[in-house]
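Quick note: numbers below take in every heavy atom, side chains included, and nothing from hydrogens, waters or symmetry partners. So you know, we letter chains A, B, ... as the sequences are listed, proteins then strands, and number each from 1.
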Amino acid sequence: MPDLRLTNTLSRQQETLVPAERTPDGRPRLRFYSCGPTVYSYAHIGNFRTFLTADLVVRVAEALDWSVAYVSNITDVGHLTNDDVADADGEDKMAKALRSKEGEAFPTVYDLARHYATALEDDWKRLNLRQPWVRPRATEHVTEQIEAVERLIASGHAYATDEAVYFSVTSFPAYGRLSGNTLDTPLLEAVRDVVVDEGKRDPRDFALWKRDDHHLMQWYAPFGPDRDFKGFPGWHIECSAMARKYLGDTLDLHAGGEDLIFPHHECEIAQSEALTGKPFARHWLHTRFLQVEGEKMSKSKGNFYTVRDLVEPTEAAAALGFPRGVDPLALRYALLSGQYKKPLNFTRKALHDSAKAVERYRSARTLAEAAAQANAPGDSGLSTALNDAYTRTLAALCDDLNTPAAFAAALDGVKAIEAARDGMNGAAAQAALDWLDRTNALLGVVVSDYALPSAAPAEPTGPPAEVLALVDERAAARAAKDFAASDRLRDALAALGWTVQDTPAGQEIVPLG
RNA sequence: GGUGCCGUGGCCGAGAGGUUAGGCAAGGGUCUGCAAAACCCUGUACAGCGGUUCGAAUCCGCUCGGCACCUCCA
């Protein structure tokens, strides 16, 4: 088994990921936490690029026969748009979403959060991501967060003002180790010094809890002199609390988008390590941003896509050349087509390329299934080439999740199956199916693990009778070698929206577009 | 201003001091009534300018361009 090497943001170098713990039967046990989204709207494809990075780690770990404890949270507490400002004038994004046009459908923020959390899980399945072992929600772990804050206050790492509880950054000298924004960085102080709270001791301190009895979500917390601090938790503390609850004091791996390096992950490290005295995560993995057609994805530029925008038959999908919606596995392929540690340019063309690639896997599978059915005698001549392709695919993924190299290696396997298409005996077909399963376990682009949600467009039930009549007529014309008539009929079919192709098995009709 | 990262052929995207990445597109061919599909062949790229080296896309410096974070953000 190859080593799994990943770039560690802490050292900015590739390091071999070695789980600290083993299961009773001696397998490595990976403790892995991946930051999920705030559920105030539908997750976009950039979010999913990050989740796909985590998904690959899980798949590779499974292929290496590790036991994987994979936790991916949902942030369903609305946090102020300015995390350091403790006054209640700032509006949090969940509250903002509730007041938006889409938000009118929801009676409360809780309903809104529930809706978008469900949507996230649907999209998760559409893109064929592995389910986490636990998907904890911030609102269901407020007790754990309050306990963590209490302990931080007790140990002198945090203090309460009239308005909030802050983590004292100077009490944790290693602050800045992850991002490079260390305590001697002069502007960190200047930029964060926009706080109106007079009681804040250092402008760089960040909030663990905010007192706010107007916030849409609020809980009683025993902070402050009167031990009555009705309010809501700071953004960073939820991950520290939930990671610790499910995975213990020290994680093997913690992942997220590159924007989380600072302040979110930096603050998590400070809180967690101040709390436990132990290293929080041994390895940090961050996914670079996705761009669309060479530009930053943004709603104002019209290049902002959610998964459902592309997968369902929407105007957005049609504008990209997919009137019936993009094959979810093609979208998955496109989002994996670049290595996580480099920016990826998501383009219309890349999406079309990906759709073709996914189609090749699918047709290889069809070929193999047919040959398995026929089950002609003979030895498999395919096993060696396919085993080699698998080994190289896995090796590429172990080399810092090098997905382009992995896809290149896997495609060699597809080619081997295509080349064997006519002479494939039963043994070769079994080898092909086996290889497709193993490769699918690694990359997830051959078939989905999930029955697609009902939103998946139903395939048309077949061509209408008039089309079938023309096809029959054309078969007759071809049999009579009346090719002029045959070509006229092909044009007639095209006018009805169908393409006809001649294959060794006869005519094949597919809808245009 | 600070912190971190990137710039490869028509497009997407690996590689990383001396040996073909790969895909898609394009051109040529085989096959087919014609198409389609499939298969075979073809491209010669590393932002610019200096430097180190026998040798640099790969190391160093500068310049230009882009991205992220420093304020909610995957």
Side-chain angles (χ1 to χ4, degrees), chain A residues 7 9 12 34-38 40-41 43-54 75 78-85 90-94 96 176 178-182 184-192 194 204 235 255-266 286-291 293-297 333-334 337-357 360 363 396 399-400 402-412 415 418-419 421-422 477-478 481-484 486-487 490 499-504 507-508 510:
Chain A
T7 300
T9 310
R12 308 190 196 292
S34 171
C35 278
T38 303
Y40 64 102
S41 67
H44 58 251
I45 56 175
N47 292 310
F48 270 95
R49 162 135 128 124
T50 298
F51 307 152
L52 280 163
T53 303
T75 297
H79 297 292
L80 291 185
T81 48
N82 186 334
D83 199 46
D84 295 314
V85 181
E91 186 178 37
D92 78 60
K93 50 193 170 182
M94 301 264 292
K96 201 172 164 190
L178 183 71
S179 63
N181 289 323
T182 50
D184 52 14
T185 306
L187 280 165
L188 178 60
E189 190 164 344
V191 169
R192 281 230 177 137
V194 292
R204 297 165 301 192
W235 174 36
E258 63 169 320
D259 55 325
L260 297 185
I261 296 172
F262 192 90
H264 188 55
H265 288 331
E266 196 71 75
H286 291 99
T287 303
R288 300 296 315 272
F289 269 19
L290 183 77
Q291 288 177 268
E293 303 291 352
E295 290 189 295
K296 182 175 179 167
M297 185 165 68
Y333 195 108
S337 63
Q339 200 179 8
Y340 75 93
K341 65 176 179 178
K342 279 194 178 184
L344 175 68
N345 190 11
F346 181 85
T347 63
R348 174 196 167 103
K349 187 162 184 306
L351 202 48
H352 278 88
D353 291 354
S354 301
K356 280 192 181 183
R360 280 182 83 174
S363 70
D399 180 18
D400 214 2
N402 189 336
T403 44
F407 280 135
L411 204 63
D412 285 342
K415 284 179 184 168
E418 286 171 346
R421 59 188 313 147
D422 294 324
R478 291 187 72 232
K481 299 219 184 290
D482 183 355
F483 296 119
S486 165
D487 289 346
R490 174 149 52 196
T499 317
V500 61
Q501 289 165 8
D502 299 315
T503 72
Q507 298 185 87
E508 207 170 84
V510 288

Exercise for the section: For B:C31 and B:G22, measure between their P atoms and round to the nearest Å. Expected result: 27 Å

Exercise for the section: Look at the side-chain N and O atoms of A:Lys415 and state whether any lies under 4.0 Å from the OP1 or OP2 oxygen of B:G23. Expected result: yes

Practice task
May I ask you to say what A:Gly46 touches in the nucleic acid, namely base, sugar-phosphate or nothing, with a heavy-atom cut-off under 4.0 Å?
Solution key: base

Exercise for the section: Examine B:C70: is either OP1 or OP2 under 4.0 Å from a nitrogen or oxygen in the side chain of A:Asn181? Give yes or no. Expected result: no

Problem - Main-chain N/O of A:His286 paired to A:Glu258 side chain as donor or acceptor, under 3.5 Å - result: no

Fill in the blank from the handout: If pairing means Watson-Crick or G-U wobble with both distances under 3.5 Å, then the partner of B:A68 is B:U3

Practice task
Considering only NZ, NE, NH1 and NH2 on the basic side and carboxylate oxygens on the acidic side, decide whether A:Arg490 and A:Asp487 come within less than 4.0 Å.
Solution key: yes

Practice task
Check whether any side-chain nitrogen or oxygen of A:Lys96 sits under 4.0 Å from OP1 or OP2 of B:C72, and answer yes or no.
Solution key: no

Practice task
Identify the heavy atoms of A:Leu351 and A:Ala334 that sit nearest to each other, and give their distance.
Solution key: CD1-CB, 3.9 Å

Handout entry: Rounded distance (Å) that lies between atom P of B:G15 and atom CD of A:Gln339
Key = 5 Å

Problem - Value in whole Å for how far the P atom of B:A35 lies from CD of A:Gln507 - result: 17 Å

Fill in the blank from the handout: Rounded to whole Å, CD1 of A:Ile261 lies from P of B:A74 at a distance of 14 Å

Practice task
Pick the C1' atom in B:C60 and in B:C70, then give their distance to the nearest Å.
Solution key: 29 Å

Handout entry: Atom pair distance, as rounded to whole Å: CD in A:Glu266 and P in B:C69
Key = 16 Å

Handout entry: N/O (side chain, A:Arg360) to phosphate O (OP1/OP2, B:G22) under 4.0 Å
Key = no

Problem - Whole-Å gap separating C1' (B:G4) and CZ (A:Arg12) - result: 6 Å

Exercise for the section: Under a 3.5 Å limit for both distances, which nucleotide forms a Watson-Crick or G-U wobble pair with B:A47, could you say? Expected result: B:U63

Exercise for the section: Please state whether the base of B:G33 and the side chain of A:Ser486 form at least one donor-acceptor pair under 3.5 Å? Expected result: yes

Practice task
Grab the two heavy atoms, one from A:Ala255 and one from A:His265, that are nearest each other, plus how far apart they are.
Solution key: O-NE2, 4.1 Å

Exercise for the section: For B:U19 versus B:C59, give the span between their P atoms, rounded off to a whole number of Å. Expected result: 16 Å

Handout entry: Contact under 4.0 Å: A:Lys296 side-chain N or O vs B:A68 OP1/OP2
Key = yes

Handout entry: Sugar-phosphate only, base, or nothing, as touched by A:Asn402 at under 4.0 Å among non-hydrogen atoms
Key = sugar-phosphate

Practice task
Name the nucleic acid region contacted by A:Ser337, choosing base, sugar-phosphate or nothing; use a 4.0 angstrom heavy-atom cut-off, strictly under.
Solution key: sugar-phosphate

Practice task
Indicate, yes or no, whether a donor-acceptor pair under 3.5 Å links the base of B:A74 to the side chain of A:His44.
Solution key: yes

Practice task
Name the nucleic acid region contacted by A:Leu290, choosing base, sugar-phosphate or nothing; use a 4.0 angstrom heavy-atom cut-off, strictly under.
Solution key: base

Handout entry: Opposite nucleotide pairing with B:A38, Watson-Crick or G-U, both atom distances under 3.5 Å
Key = B:U30

Practice task
Using atom types as modelled and distance alone, determine if a side-chain donor or acceptor of A:Gln339 lies under 3.5 Å from a backbone N or O of A:Thr403.
Solution key: no

Completion exercise
Sorted by position of nearest nucleotide on RNA chain B, 5' first, the leading residue of A:His264 and A:Gly294 is A:Gly294

Exercise for the section: Give a yes/no verdict on base stacking between B:A74 and A:Phe289: centres under 5.5 Å, planes within less than 30° of parallel. Expected result: yes

Exercise for the section: Report the distance from atom CG of A:Asp487 to atom C1' of B:A36, rounded to the nearest whole Å. Expected result: 13 Å

Exercise for the section: Look at the side chain of A:Thr347 and the backbone N and O of A:Ala350, then say whether any donor-acceptor pair between them is shorter than 3.5 Å. Expected result: yes

Practice task
Any strand is fair game: report the nucleotide pairing with B:A57 by Watson-Crick or G-U wobble, both distances under 3.5 Å, or none.
Solution key: none

Problem - Whole-Å C1' distance, B:G18 and B:G28 - result: 33 Å

Problem - Side-chain donor/acceptor of A:Arg288 to base of B:C6, under 3.5 Å - result: no

Completion exercise
Of all heavy-atom pairs linking A:Ser337 and A:Pro404, the shortest is O-CG, 3.4 Å

Problem - Nearest-angstrom distance, P atom, B:U58 to B:G9 - result: 15 Å

Problem - P atoms of B:C11 and B:U42, separation to the nearest Å - result: 22 Å

Handout entry: Any donor-acceptor N/O pair under 3.5 Å between B:C11 base and A:Asn345 side chain
Key = no

Practice task
Send over the distance from A:Leu178 CG to B:A68 P, rounded to a whole Å.
Solution key: 19 Å

Practice task
For A:Lys349 and B:G13, give me the distance from atom NZ to atom C1', rounded to whole Å.
Solution key: 11 Å

